[in-house]
Structures are given as C-alpha cells and as structure tokens.
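Lettering follows sequence order; numbering is per chain, from 1.
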Amino acid sequence: MTLAEGVQLVSFGLLAAMMIAAALGVVLLSNIVYSAFLLGIVFVSISGMYVLLNAGFVAAAQILIYVGAVNVLILFGIMLVNKREDFAPVRRAWLGKVATGAVCLGLFALLSTMVLGTPWALSSEAAIGDGATVMIGLHFFSDFLLPFELASVLLLIALVGAIILARREFIPDEMPQDTVGDALKLPERPRELVPASRDGAES
Amino acid sequence: MDFSALAAQLNAGAILPEGIVIITLITVLVGDLIGGRASSRWTPYLAIAGLFAAIVALVYQWDTANPIAFLGGFNSDALSVVFRGIIVLSAMITVPMSIRYVEQSGTSLAEFIVILMTATLGGMVLSGADELVTIFVALETLSISSYLLTGYMKRDPRSNEAALKYLLIGAASSAIFLYGVSLLYGLSGGQTRLSAIAAQLAADSSDAPIGLVVALVFVIAGIAFKIAAVPFHQWTPDVYEGSPTPVVAFLSVGSKAAGFALAIRLLVSVFPLVSEQWHFVFTALAILSMVLGNVVALAQTSMKRLLAYSSIAQAGFVMIGLIVGTEAGYASMVFYLLVYLFMNLGGFTCVILFSLRTGTDQISEYSGLYQKDPLLTLGLSICLLSLGGIPPLAGFFGKLYIFWAGWQAGAYGLVLVGLITSVISIYYYIRVIKMMVVKEPQEMSDSVKNYPPMRWNLPGMRPLQVSLVVALVATSLAGILSNPLFTLANDSITHTPLLKAAIAEQAAAMVSHTETVETIAIAPQ
C-alpha cells in the first residue's frame, strides 16, 4: 500500500493525537470503565500506525488480540468486580503524584535521548507489505520452529492452569430443596479459606 | 529449500531431552484424564522415569559434533547440557518430595506434576536458547508455569497472595526484559540470533552507543528478577513463604539455574562492548545480595523465609563466579550450582517432612526435635551446615572454589565480602541446629511433644524418604568425592566455544591493561 506523502502525514498526526489523548484519559480518569474503553482506542490507534508502516498483518493481529481479547477480558474483570467503595482521601496524595510524574518524565527523557542519540542500524531490505503472511509462515516452519512449538506447550499449560484455578473443588452432597430461591446460587458448600498445610496435618 | 535439506539443517536431535520431557508430560496428562484419581499411583513414577530418560539423553548430547540446531535458534553446547542437567535433576528430586504434600493438601497430583514438568521444559530451553524469540518464549513458559505452581494451593490464602504478587512483579519484569530485547533487535538492524547481533554491534561501532547501555540495564532487570538478586528480590520472601514447599524447592534451584544460564549466554555473547558496565552492575548486585540476604536472614522466625533469604545470599556467591569471568570462575559457578542443588533440595525435603507431621514451619517449633526424629534432625543439620559452608561437606568445597577463583582473578573486595557474610550465615544456620539438638526434653515445643510416630508406609512417604536420603548422601559425599563433579564443571566450560573465546578476550584485555599500567608507572622516570 502506498499513500501520498501528505495523506501519510495527516493520518499520522490524527492517529498520534488520538492515541495520546486516549492514553492520558486512561491514566487520568477516575472511572475505571471509561479507562478500559479508552484503552481500546489506544490499541486501535496503534494498529493504525502499523497500517501506515505497511504492516497489515501486525495491525490485524493487534486488533484481534488486544482489542478483541485483552480489552474484553479487562472489561469482564471490571464487570465481575463491580463493588462500589468510597476511599478516604489520602493526605498529601499530590506528593506521590508529583514523584510519579517526575519519575515518568525522567524515564521518558532518558528513552528519548537514547532513541535520538543512537545510530540505528536500518535494514536495507524493502518492506514486504502484503506478502507478510507467507513470510511469517516460512519463518515459523524454519528458523522460528522451536519457539513456535514451545508456544503450543505454553498455551496447553496455560489452559490446564486456568482450569485448575477456576474449577470448583467441592460438589454438594445433596441438592438444595428450594430450587426457586437458590436458582442463581452456585452449587457449592460454603467453605472458609484455610491454610492447606494445617488442614492436611489434621487429616 | 526442500524438505529433506531443511530437516537436516534443523538438527532436531539436539532437543531430544526436551522432547522426552514433552512426551512424558503429555502421557501424564492424558493418563490422568483416562485413569482418573486412581492414576496418581503411577503418574509421579512415570514423571521421574521420563526425567531420568531426559538426563540419559543429555549425557549422550555431551560434546556433540554439531551443537547448533534450529538454524541457530538453539545451542546444545556443553554449557547448556550441564545447565539443562541441573534443571532436570532438580525437577526429578522435587517430584518425589511433592507426592505426599500434594495428596495431603487435597489437590490433584497429576496436574501439579504436569505444570512442574512444563516449568522444567521452559528452563531447559532457556539454558540452550541462542536467539531472542526462543529466549523470550522459554522464559515465559518457565514463568507462567511458576505462577501456576505458586498458586496451586488455591484454598490457602497465603498461596493466593504469593501467586498474585509473583504474577504482577514477574509480568512487570518480563515487560522490561522484552523492551531491552527489542532494543537489541533494533540496534542490530533486525537480527535475532545472539551471535549475529554481537557481530553486527561490533561491526557498527567501536565505542558503546547509549542504546546498548539502556538495553543492558533492561535485560539485567529481567535476569536479576529470575535469580532474585537484591534490588529485584522483594517477591522472594513472600512467594517462598506462601507457595507450596516443593514449588519453593524447585524455584530456588531449577528456576535460579535457568536464570544463571541465561545470564551467562546473553551477557557474554551480546554485551562484550559494554563488559565493564555489566561487570560493575553485577558486582553491585552480588555485594547487595550477599550482605542483605545474610543479614536479613538473621531475623527470620519462619523456616521458609529463612531459606528464602539464604537462597538470595547463595545467588550472590554464585554471581562472583560470573563477574570474574575466568575459566575457573565459570567452572566454580557450575560446581556450586550442582552442590547447591543437593543441599538446598535436601533442606527443603526436611522442611516438608516436618510441616507434614506438625503443620508448621516456625523455627521455634523445631526445638527438641532430636529426641523424636533423629533422621530428620540429621538430614536438616547436614544440609544447613553444608549451606553454611562447614568443612567436610559439599558446600564448603563449592564456596572454597568460588572464593579461590575470585581471589585468583583479583576480585579481592568481593571475596572478602563473601567470606564475612558466609561467617554471618553460619550463625543463623547453626541457630536452627542448636534449636533442634541442644534443647532439654522439658524445653520441647508443643508440636514436637505431640509428634506423631514415624509411618513410612503411608502412601507417598517412601519417595520422600528416598529423596531425603539421596540428597543427604550427595551432600555429605560430594564434598569428599568431589572430583567427578569438579571435572564435569571444568569440562563444561572448556568444551564451550562461546566461553573459550570470551575467556581468551578477557585474558588479553587484562594483559593489555597491566601493560598500560606498567607503562604509566614507568613513564615518569
């Protein structure tokens, strides 16, 4: 994909402004739901940047993974923990905020000096553009075969682990009688959290 | 590129041990699915057999003619073989000690073993990875399995807290590491193989660009988190206290060894341009780890926290070998890790045994244990004395070798700090032993008074006993009969081309340095 110089510049400006504004919103707004949705806008703008850089595959993956999976997961997390709690205002909270801001600015200054001061070794090869999927596939089955296969083991174990953490250990001995009143309750014995080792020692 | 040529280039035989581990873990997983609860009678033994087969395969990998596999993505040289061996061995000793523990806590055993073996796999690939993508995926495999293992006792709130803390701090440190790695990719103009990056960096500039220094700092942050060096150690005590004890045993040996393997390979091969800087940073990390680890351990009341701080301090000792960068330095690292494997795992076996019988791991509860359980007292005493570095035991020879290597290379300050802090460490190790042995019968703690009689015939106790005795024998004999281990450690260094080149370079740099010093000294006359 080739765009005119002017179009590229304007769209870069738009995307950058959108990204920075949304990112500031994520950090500064106090309502966490707004922050989560603004984070989605940040991810979409980043994928727009990838399109401008002629990396269509990465842009699509960015939207699918970050907006489609990560951000939705964050929203689910917020939905499940919708407990409203008013925190007492912390005294001298501004001190912490100023310190955080100073650290972030310092880090930003360091990184931008580094980016500007480094003679980057630019690859001389032309961007592959739309042939990227074929090229990525070739790499997956030649020099990146090992990480590709290892990632499948990683995904398997992440699945197993997620099931272990999420499954219920206790199934009630008898079903409750009042099925209408308890229709929305999970069938589980009420259990206090107990240290496993002490519990084990008694048995 | 046709298929047969590609298959020959991949040289997939180099990851045969990893393949065996994967097949074993899938067999355990599927066998547990089919067999149900009854399968827990054979799954741990299958896992041990598989890990043993992996060690045998590793022995055959020693000194292969063609160590490079996956088009430069994986390196099966002697260094990686020895580190993979350490990791597999630590998993192999961890499995028998976890059987009874997991059964008693009422969680399922097969999944525990599967996750443990995945962590082992991640560590093994990390030790041999020679390319940035492989390094990162292997690091994440190791980390994510470790988080899962840490939170495995999900009914225990301390385990939940430990898992959450470990996950958050670990994710942050992996992000920082990934940023550093991405800088390396950019600085080298799109290379991912470590040797290609090093060549490109060396060709581009004679002096170190600032980007390389920033990349170095970020990469060190990731590595130091894995080996729990001091400014990055805050997760260690909480995670060690909360997570299941067999997991702690694996984390303190296997995961740490993988971190050291990564440190050696990445720092030595990619960062020779900034070698002064990384030596300086690691010197600071080593001194901080030795001092803080040993001093804070003095004040601990929980046995697991004590071992956590002691493992931080031990990582500081091992770092001395990395910093001096001579042949003896690297060899002493490998030797110390081998010895540390047995003594630390032996110590953790004793802690597991005690907490299974009494349900606590407070140090004060150990008082008077000698009268009720001599075997446990003997095992814990020998392992702790060895960790402290008392002469006829293995730990003494490990420390001696490290300090000797440091002294030879002229790192006097580091060695002195190491000597002083290891004297401090003897105090808190001996305190536990004194608690167990010297107390009169009337001073016995309540949990020891109610100590149940030994019943080794309970399911899962026999393997625990075996692993205790193996660790005990290895700890007491590895000191006196240390020659085979010593030869193994030395050979693993001399047979590694990467380290050979680095050592030669270091020696040349030292010679030229002394020459310049001499010319400066001579000049005024």
| task | Please report the C-alpha distance between Phe148(A) and Val137(B) in whole Å, then the side-chain angles of each, then the deciding distance to 0.1 Å, and finally whether the side-chain contact (heavy atoms from CB on, under 4.5 Å) criterion is met. | result | CA-CA 9 Å; Phe148(A) 181 61; Val137(B) 176; over 6 Å; no
| query | Can Thr141(B) and Ile157(A) be said to form a side-chain contact (heavy atoms from CB on, under 4.5 Å), step by step? | reply | CA-CA 9 Å; Thr141(B) 311; Ile157(A) 219 62; 5.7 Å; no
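Neither the backbone nor the side chain of Phe112(B) comes within less than 4.5 Å of any heavy atom in chain A. Heavy atoms of Ile163(A) lying under 4.5 Å from chain B are absent altogether. For Glu103(B), no part lies near chain A; criterion is any non-hydrogen pair under 4.5 Å. When heavy atoms are compared at a cutoff of 4.5 Å, Leu183(B) approaches chain A by way of both its backbone and its side chain. Ala138(B) touches chain A through backbone and side chain together, each having a heavy atom under 4.5 Å away.
The CG atom of Leu187(B) sits 7.5 Å away from the CE atom of Met114(A) when rounded to the nearest 0.5 Å. With values rounded to the nearest 0.5 angstrom, Ile15(B) atom CD1 is found 9.0 Å from Leu150(A) atom CG.
When the heavy atoms of residues 62-74 of chain A are compared with those of chain B, none of the residues falls under 4.5 Å.
Among residues at least two apart or in separate chains, salt bridge (charged side-chain N to carboxylate O under 4.0 Å, His left out) pairs with a member in residues 105-121 of chain B are Arg167(A)-Glu111(B). Evaluation of the salt bridge (charged side-chain N to carboxylate O under 4.0 Å, His left out) test over residues 9-33 of chain A, restricted to residues two or more places apart or in two chains, returns none. Residue pairs that meet the salt bridge (charged side-chain N to carboxylate O under 4.0 Å, His left out) test with at least one member in residues 119-128 of chain B, sequence neighbours left out, do not exist here.
Taking 4.5 Å as the limit, every side-chain heavy atom of Asp143(A) sits out of range of all side-chain heavy atoms of Arg193(B). Side-chain atoms of Thr107(B) and Ile164(A), non-hydrogen and from C-beta on, never get closer than 4.5 Å to each other. Side-chain contact between Leu156(A) and Leu29(B) is present, with heavy atoms from C-beta onward closer than 4.5 Å. Residues Ile144(B) and Leu154(A) form a side-chain contact, since some pair of their non-hydrogen atoms from C-beta on lies under 4.5 Å apart.
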